[in-house]
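Everything below concerns the one structure shown next.
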Amino acid sequence: MKSIYLLVVLAPLLGAAVAGLAGHVIGRNNAHRLTVGAVAISALLSLFVLYQHVWGGVGPFNETIYRWASVGALNFEVGFLVDRLTALMMVVVTSVSLAVHVYTIGYMHDDPGYQRFFSYINLFTFSMLMLVMANNFLQLFFGWEAVGLVSYLLIGFWYRKETAIVANLKAFLVNRVGDFGFLLGIAAVLMYYKSLDYAEVFAAATAAPTMTLSIFGTEALVATVGALLLFIGAMGKSAQVPLHVWLPDSMEGPTPISALIHAATMVTAGIFLVARMSPIFELSETALSVVLVLGAITALFMGLVGLVQTDIKRVIAYSTLSQLGYMFVALGASAYAAGVFHLMTHAFFKALLFLGAGAVIIALHHEQDMRKMGNLRRYLPMTHITMLLGTLALVGTPFFSGYYSKDVIIEAVHAADRFGAQFAWWAVLLGVFITALYSFRLYFLVFWGEERLDPKAKAHITHLPRYVLPVMQWPLVALAIPSVVIGYLTIEPMLFGDFFANSIVVNPANDVLAKKGADFHGPFAFGLHAAVNPAFWLTVAGAATAWFFYIYRPQWLPAINQRAAGLVWVLKHQYGFDALYRVVFAGGGRWIGQALWRGGDQRVIDGLIVNGTARTIGRVAGALRGVQSGYLYHYAFVMIVGLLLLLTLFVGSWRGWF
């Protein structure tokens with residue numbers, strides 16, 4: 001199996017290297033054939049790996065592949081830990097990546113950076129695989145930073161577009177804040193648990209659960225400090241409040257990137273991190289409560305912002321923020337399997353929604369404003385059907401994938417006995433209504449109602465076969481199928497079976513899924529349970545509200561927006577987070593820099609030390625030049641005065657005057 005694991009990782013790296021370094025030599029067609037083929041190999045092998053680990057009797061693989069260096073007893077290594085959690089993540093990453101690669105053939109068909117784009121997305125797939133397959137913190141950090149770097153390159157792919165450059169810098173800088181905490185967490189793990197290897201760290205943490213450290217004069221559990229610092233890294237990568245501001249702006253990149261990075265892979269790295277670190281998080285109720293509360297805040301309040309967005313991709317972006325909040329709520333409730341389960345189902349239907357939005361954007365000649373759409377189902381029937389299926393999955397329609405994963409999270413947090421659980425339950429329950437409202441708002445504005453196309457977009461969409469290639473439709477169909485059925489097929493083994501085995505550790509006292517398992521009687525009965533489930537009726541209410549205001553009575557919206565102008569302003573400005581960071585942190589940083597430059601550099605260093613020294617020497621030299629007159633009587637006078645001073649000093653010392 002070792003050679004298979006290596007091939008899964010190295011195939012996309014090879015494709016990225018060839019397409020990136022020799023893309024102009026092999027040509028456009030060969031570039032996409034090579035990179036798509038590389039990811040297809042990884043995807044097929046990942047499916048084989050998952051089958052072998054779940055049904056083939058293969059146990060966890062944990063070995064060192066390459067040793068970089070050794071410092072005393074500390075080893076820096078490349079190694080793989082492949083268990084059921086890893087195998088599932090490998091399948092999610094490579095399958096969604098494969099769909100995005102195929103879709104990109106059509107979406108980027110006329111782009112001059114065609115080969116470069118395929119090289120980047122192959123490199124991203126390699127980086128994400130290195131992250132999820134790592135068996136030590138050093139390799140985890142390498143994959144963590146690599147996906148951040150490639151994300152920077154992809155968001156700013158159109159580097160002549162100013163908004164794209166601002167967006168990729170924003171993403172890079174905000175993630176650096178999270179990564180600083182992440183790096184401190186790794187340092188704390190190394191300092192107190194004396195290793196970077198997962199297995200050794202988990203064993204050391206379990207053996208000393210009450211180990212403490214002194215921080216700011218207060219004793220705190222090492223597990224709490226380490227878990228919170230690692231979670232800061234997860235907050236940045238998975239865009240949780242207050243480190244969420246980069247993700248909506250990253251929609252400036254090409255749409256396939258939105259699906260690849262911000263729906264299924266990079267933003268779920270934080271979810272995977274917390275699930276992988278469950279042996280540490282389970283030692284700290286404080287850390288789990290922080291994860292729970294921040295996830296609930298993100299799930300509720302970022303969903304509200306999605307209600308006022310007019311850009312089709314930004315609505316889906318804020319939906320991603322909200323759904324990531326749901327996943328963290330599950331992790332904070334110790335329902336790690338439920339969080340990972342929602343990660344998997346969400347990857348498929350959110351990638352479907354992003355790619356469907358991309359098809360709409362291409363069809364309308366890069367128009368993204370939903371106010372300039374409407375009634376597109378007559379022009380884009382395949383996109384309409386697949387996006388409807390994705391929307392039904394996202395809102396949690398019974399028997400669709402999103403229903404199973406989201407409903408389990410709501411029930412798990414309701415059963416959790418932990419600080420913040422009650423608030424989190426209300427937040428995710430209200431979030432169900434909000435999710436249905438913004439999702440069907442998008443659906444009705446784009447595909448139903450009055451046609452609001454401008455003439456240029458109308459001309460493009462009427463000649464659609466020239467612009468939307470058939471190759472873009474197959475990924476939509478491929479993603480729509482698991483969006484509908486994957487939850488029904490996998491809920492029982494993943495949540496109420498032994499799917500994850502020992503890859504996730506849960507304290508029996510915290511195991512809310514085990515408590516709910518007695519009430520589970522199969523996926524069909526679970527779907528029928530929706531009739532008495534408040535979340536289902538909130539979904540219906542949200543969809544009905546969207547239909548009423550955007551189809552039946554759209555003329556009422558201006559008056560409502562006027563009455564709620566203050567709330568709308570707050571939501572459109574994302575609660576002021578961007579302004580706060582721009583004015584206080586960025587502006588404050590610039591002010592401090594200018595103050596140090598003017599006061600320290602110009603006045604002290606240049607003005608006083610460098611130029612001041614030169615001016616002092618010049619003045620002294622000028623004074624001495626006045627003495628050097630060249631007249632004999634001047635020199636004689638100086639000699640007489642000097643002699644007089646010496647005699648005075650000599651006589652005064654002899655007589656005791658001094």
Side-chain angles (χ1 to χ4, degrees), residues 16 19-21 23-24 100 104 107-125 127-128 144-180 236-239 242-263 265-267 269 305 309-318 320-321 354 357-358 361-362 365-369 572-574 576-591 593-594:
L21 299 176
H24 62 288
V100 171
T104 300
Y107 191 92
M108 302 294 288
H109 184 264
D110 298 320
D111 196 284
Y114 191 77
Q115 295 98 311
R116 177 166 59 93
F117 189 84
F118 274 101
S119 174
Y120 285 172
I121 56 179
N122 248 214
L123 185 60
F124 178 87
T125 306
S127 302
M128 194 67 197
W144 197 268
E145 294 303 307
V147 293
L149 172 62
V150 183
S151 175
Y152 167 83
L153 296 173
L154 287 168
I155 296 169
F157 180 79
W158 289 322
Y159 53 84
R160 290 186 174 89
K161 184 180 177 183
E162 184 177 355
T163 53
I165 297 303
V166 171
N168 74 347
L169 284 172
K170 187 175 184 179
F172 194 81
L173 292 173
V174 172
N175 273 276
R176 296 289 69 73
V177 176
D179 291 351
F180 179 68
K237 199 68 75 183
S238 294
L243 300 180
H244 65 284
V245 294
W246 66 270
L247 192 143
D249 286 358
S250 67
M251 297 300 109
E252 294 294 333
T255 299
I257 299 315
S258 303
L260 181 63
I261 296 178
H262 310 119
T265 50
M266 190 185 88
V267 293
V305 177
Q309 301 301 309
T310 56
D311 184 309
I312 185 172
K313 287 174 63 178
R314 282 182 177 264
V315 174
I316 305 173
Y318 278 103
T320 299
L321 285 172
F354 269 121
I361 292 167
I362 287 294
H365 192 53
H366 300 286
E367 178 59 70
Q368 297 184 199
D369 192 336
K572 284 188 174 180
H573 289 81
Q574 299 95 41
F577 279 103
D578 276 316
L580 173 68
Y581 296 157
R582 186 172 58 252
V583 174
V584 176
F585 292 102
R590 287 195 298 269
W591 182 85
Q594 288 178 347

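By the ring pair (Phe, Tyr, Trp, His ring centres under 6.0 Å) test, Tyr318 is found to be paired with no residue, residues two or more places apart in sequence or in another chain being considered. For Arg176, the side-chain hydrogen bond (donor to acceptor under 3.5 Å, both in side chains) partners are Glu145, Asp179, not counting sequence neighbours. For Leu243, the side-chain contact (heavy atoms from CB on, under 4.5 Å) partners are Val174, Val177, Met235, not counting sequence neighbours. Residues forming a salt bridge (charged side-chain N to carboxylate O under 4.0 Å, His left out) with Asp111 (at least two apart in sequence, or on another chain): none. Residues passing the ring pair (Phe, Tyr, Trp, His ring centres under 6.0 Å) test with Phe585, sequence neighbours excluded: Tyr581. Under the side-chain contact (heavy atoms from CB on, under 4.5 Å) criterion, Ile361 pairs with Tyr107, Thr255, Ile312, Lys313, His366, Gln368, not counting sequence neighbours. Judged as a side-chain hydrogen bond (donor to acceptor under 3.5 Å, both in side chains), and not counting sequence neighbours, the contacts of Arg314 are Asp249. Partners of Phe172 according to the ring pair (Phe, Tyr, Trp, His ring centres under 6.0 Å) rule, which considers only residues two or more places apart in sequence or in another chain, are Tyr152. A search for side-chain contact (heavy atoms from CB on, under 4.5 Å) contacts involving Leu21 returns nothing, not counting sequence neighbours. Remark: Phe124 engages no residue in a ring pair (Phe, Tyr, Trp, His ring centres under 6.0 Å) (not counting sequence neighbours). With sequence neighbours left out, the side-chain contact (heavy atoms from CB on, under 4.5 Å) criterion links Lys161 to Trp158, Thr163, Ala164, Glu252. Remark: Ser238 pairs with no residue by the side-chain hydrogen bond (donor to acceptor under 3.5 Å, both in side chains) rule, at least two apart or across chains.
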**Request:** Take Phe157 and Met108, measure what side chain to side chain contact (heavy atoms under 4.5 Å, CB included) needs, and give me the verdict at the end.
**Result:** CA-CA 12 Å; Phe157 180 79; Met108 302 294 288; 3.5 Å; yes

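Nearest heavy-atom pair across Met266 and Ser151 is SD-CB, 3.5 Å. Listed here is the closest heavy atom pair of Ile155 and Ala171: CD1-CB, 3.8 Å. Taking all atoms of both residues into account, the shortest heavy-atom contact from Val150 to Tyr120 is CG1-O, 3.4 Å. Contact record, Asn168 with Gly156: ND2-CA, 3.4 Å, taken as the closest heavy-atom pair. Closest of all the heavy-atom pairs between Lys237 and Trp246 is O-CZ2, 3.5 Å.
With hydrogens and angles ignored, the 3.5 Å screen pairs no side-chain donor or acceptor of Gln309 with any backbone N or O of Val315. Gln574 contributes a side-chain N or O that, together with a main-chain N or O of Lys572, makes up a donor-acceptor pair within less than 3.5 Å. Remark: the backbone N or O of Gln115 is not paired with any side-chain donor or acceptor of Ser119 at under 3.5 angstrom.
A distance below 6.0 Å separates the ring centres of Phe577 and His244.
The only option from Ile257, Val100, Thr320 that meets the side chain to side chain contact (heavy atoms under 4.5 Å, CB included) definition with Phe354 turns out to be Thr320.
In this structure, CG in Leu247 is found 9.5 Å from CG in Asn175, a value given to the nearest 0.5 Å. The CD1 atom of Ile121 sits 4.0 Å away from atom OG1 of Thr104, with the distance rounded to the nearest 0.5 Å.
Put simply, the side chain of Ser127 does not reach to within 4.5 Å of the side chain of Leu149, judged on heavy atoms. Counting heavy atoms from C-beta outward, His573 and Asp578 have side chains that stay 4.5 Å or more apart.
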